[in-house]
Amino acid sequence: MRNRPPSSVSRQVSLFTLQNMITALYPGTFDPMHNGHLDIARRSLALFDRVIVGVYDLPANKLLFTFDERVALARAALDTLPDGARAEVRGYSGLTVAYAQQVGAKVIVRGLRNSVDFDFELQMAQTNHWLAGEVDIVCLFANAPHHFLSGTLVREVAALGGDVSGLVPVACAAALRAKGLGIPVDGPATAHVKKRHEMKE
Ligand code: ADP
């Protein structure tokens with residue numbers, strides 16, 4: 001059967017569907033993406049039609065991975081999720097709300113681990129609301145196994161030669177190992193000590 005041009009009714013239905021699709025932006029430094037981040041991305045995919053994982057290019061804190069590495073590692077991590085292909089990974093700079101507006105995201109997703117995160121997120125949400133009232137913030141509570149997990153902790157433990165393979169996706173563990181990090185102390189441990197000193201500077 002030949003393809004017929006879409007009728008005006010089906011065109012209207014597609015337009016309606018597009019307009020009602022909810023895009024969520026999940027922003028962060030992701031240095032590197034760990035299992036807590038990945039869990040929030042997975043749950044966002046179950047809640048929203050379109051999820052953009054936004055990798056912030058130049059945060060104030062010192063980074064272990066370059067911007068390109070963080071983007072590539074986030075992509076590799078998302079590819080391990082059954083629904084991960086639906087998530088887009090994009091780098092961005094500047095204000096997160098401005099980027100949310102640019103990509104048509106109605107929602108910014110954040111993960112909450114504890115009251116420290118809560119206080120920070122409340123302040124950020126109020127600032128963002130003041131800047132762009134039409135973008136809402138949705139906070140998802142960290143699932144129990146990931147409560148204690150942060151990028152800082154992963155980097156610190158790996159720098160001291162601790163095995164972080166249970167805390168991060170496979171690609172991130174491999175990338176840490178490629179930097180000589182996350183190797184048990186009785187392994188070939190010289191690079192992690194050097195890296196630890198570099199991170200302290
Ligand atoms: P961090 O260094 O704390 O991991 P990011 O900027 O990379 O910082 O975090 C991006 C988002 O992921 C933030 O909303 C943060 O609260 C959330 N997040 C970080 N760690 C976890 C975790 N263990 N569980 C759930 N959400 C988390």
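Remember, it's 1-based here, ligands and their atoms both numbered in the order they're listed. Positions are given from 1, in the same order as the sequence printed here.
Legend: residues meeting ring-ring contact (aromatic ring centres under 6.0 Å, His included) with Tyr26, ordered by chain and number and at least two apart, are Phe30.
Listed by chain and residue number, the protein contacts of ligand 1 are Tyr26, Pro27, Gly28, Thr29, Phe30, His34, Gly36, His37, Ile40, Arg110, Gly111, Arg113, Asp117, Ala142, His146, Leu149, Gly151 (heavy atom within 4.0 angstrom).
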I'd like to know whether Ser44 forms a side chain to side chain contact (heavy atoms under 4.5 Å, CB included) with Leu140, so could you lay out the CA-CA distance, the side-chain angles of the two residues, the decisive distance to 0.1 Å, and finally the verdict. CA-CA 9 Å; Ser44 302; Leu140 300 178; 4.0 Å; yes
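Residue pairs meeting the salt bridge (charged side-chain N to carboxylate O under 4.0 Å, His left out) criterion with at least one member in residues 107-116, sequence neighbours excluded: Arg110-Glu121, Arg113-Asp117. Sorted by first and then second residue, the ring pair (Phe, Tyr, Trp, His ring centres under 6.0 Å) pairs with a member in residues 98-144 read Tyr92-Tyr99; sequence neighbours excluded.
Counted by atom type alone, Thr29 and Asp31 present zero donor-acceptor pairs between their side chains at under 3.5 Å.
The two residues Asp83 and Arg86 make their nearest non-hydrogen contact at OD2-NH2, 2.8 Å.
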